[in-house]
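This report refers to the structure that appears directly beneath it.
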Amino acid sequence: MESSLKKLIDDRMAELGWNPYKLAIAYGKIKDPDFQGTDRDIGNKNLSRIRTAIAQPERCQLDTLKTIFQALGGSPKLTVEFIEEKQVAI
C-alpha cells in the first residue's frame, strides 16, 4: 500500500512533469544556494537522497521532506494532534 506522503510527492511531481533528477536539482538549489557547480553536478550530488526519500518518505529526515516540499512549490507545515489527553499530578 502506498503511503499518503509518497502519493502526495508522486502526484505533485506528475503535475509538474518532473522526474527524480529534476527534483534533485531543485532540492540542491534550496539546500546549497551558493553551490558553484552545474545543474548536472547538483542533480548528481542529490539524486540518491531524493530517490530514497521518494521511495520511503516516512523514514527520511524531516528537514529533507521539508526541502522536497519547498522544491515542489509547497509550504510545509507540521501539525500535531494528540489522540488522548494525559493528566499528570504534580
Side-chain angles (χ1 to χ4, degrees):
M1 183 167 92
E2 185 175 63
S3 75
S4 58
L5 276 176
K6 180 169 177 34
K7 182 171 175 19
L8 186 66
I9 293 168
D10 288 343
D11 289 352
R12 182 60 178 159
M13 286 176 59
E15 284 176 23
L16 296 173
W18 284 15
N19 58 27
Y21 191 75
K22 177 95 174 175
L23 179 55
I25 293 169
Y27 173 92
K29 287 181 177 181
I30 292 170
K31 287 301 282 182
D32 189 2
D34 297 325
F35 186 75
Q36 298 297 315
T38 64
D39 281 0
R40 182 177 181 175
D41 295 333
I42 295 169
N44 291 339
K45 179 180 175 185
N46 294 291
L47 186 56
S48 178
R49 177 185 307 264
I50 294 302
R51 282 187 176 150
T52 301
I54 291 171
Q56 295 182 312
E58 296 82 10
R59 301 191 75 191
C60 74
Q61 294 182 359
L62 185 58
D63 185 58
T64 300
L65 269 182
K66 179 182 139 207
T67 306
I68 285 172
F69 286 122
Q70 286 175 328
L72 292 170
S75 177
K77 294 180 172 75
L78 176 64
T79 302
V80 177
E81 272 185 50
F82 292 99
I83 297 171
E84 58 185 69
E85 187 175 318
K86 294 183 180 183
Q87 294 182 355
V88 178
I90 298 179

**Item:** Backbone N/O of I54 and side chain of Q56: donor-acceptor pair under 3.5 Å
**Value:** no
**Message:** Once side chain to side chain donor-acceptor pair (under 3.5 Å) is applied, what residue pairs with a partner in residues 62-76 remain, sequence neighbours excluded?
**Reply:** K31-D63
**Request:** Report yes or no: does D10 contribute a side-chain atom to a donor-acceptor pair with the main-chain N or O of K7 at less than 3.5 Å?
**Result:** no
**Message:** Quick check on the hydrophobic clustering: are L65 and M13 connected, directly or via other members, by side-chain heavy-atom contacts under 4.5 Å?
**Reply:** yes
**Request:** Starting from the C-alpha separation in whole Å, work towards a yes-or-no answer on side-chain contact (heavy atoms from CB on, under 4.5 Å) for I9 and F69.
**Result:** CA-CA 8 Å; I9 293 168; F69 286 122; 3.7 Å; yes
**Asked** Run the side-chain contact (heavy atoms from CB on, under 4.5 Å) check on T52 and R59 step by step: do they pass?
**Response** CA-CA 9 Å; T52 301; R59 301 191 75 191; over 6 Å; no
**Asked** Around atom CZ of R49, are there more than 12 heavy atoms of other residues, nucleotides or ligands at under 6.0 Å?
**Response** no
**Message:** Within this structure, what is the CD1-CD1 distance for the pair I42 and I30, rounded to the nearest 0.5 Å?
**Reply:** 11.0 Å
**Request:** Tell me, yes or no, whether the heavy-atom count around E58 atom CD, taken from other residues, nucleotides or ligands under 6.0 Å, exceeds 12.
**Result:** yes
**Item:** Single-linkage hydrophobic cluster, 4.5 Å side-chain cutoff, I50 and I25 together
**Value:** no
**Request:** Give a yes or no on whether the backbone of R40 and the side-chain of N44 come within a donor-acceptor separation of less than 3.5 Å.
**Result:** yes
**Prompt:** Mind checking what makes salt bridge (Lys or Arg N to Asp or Glu O under 4.0 Å) contact with K22, not counting sequence neighbours?
**Reply:** none
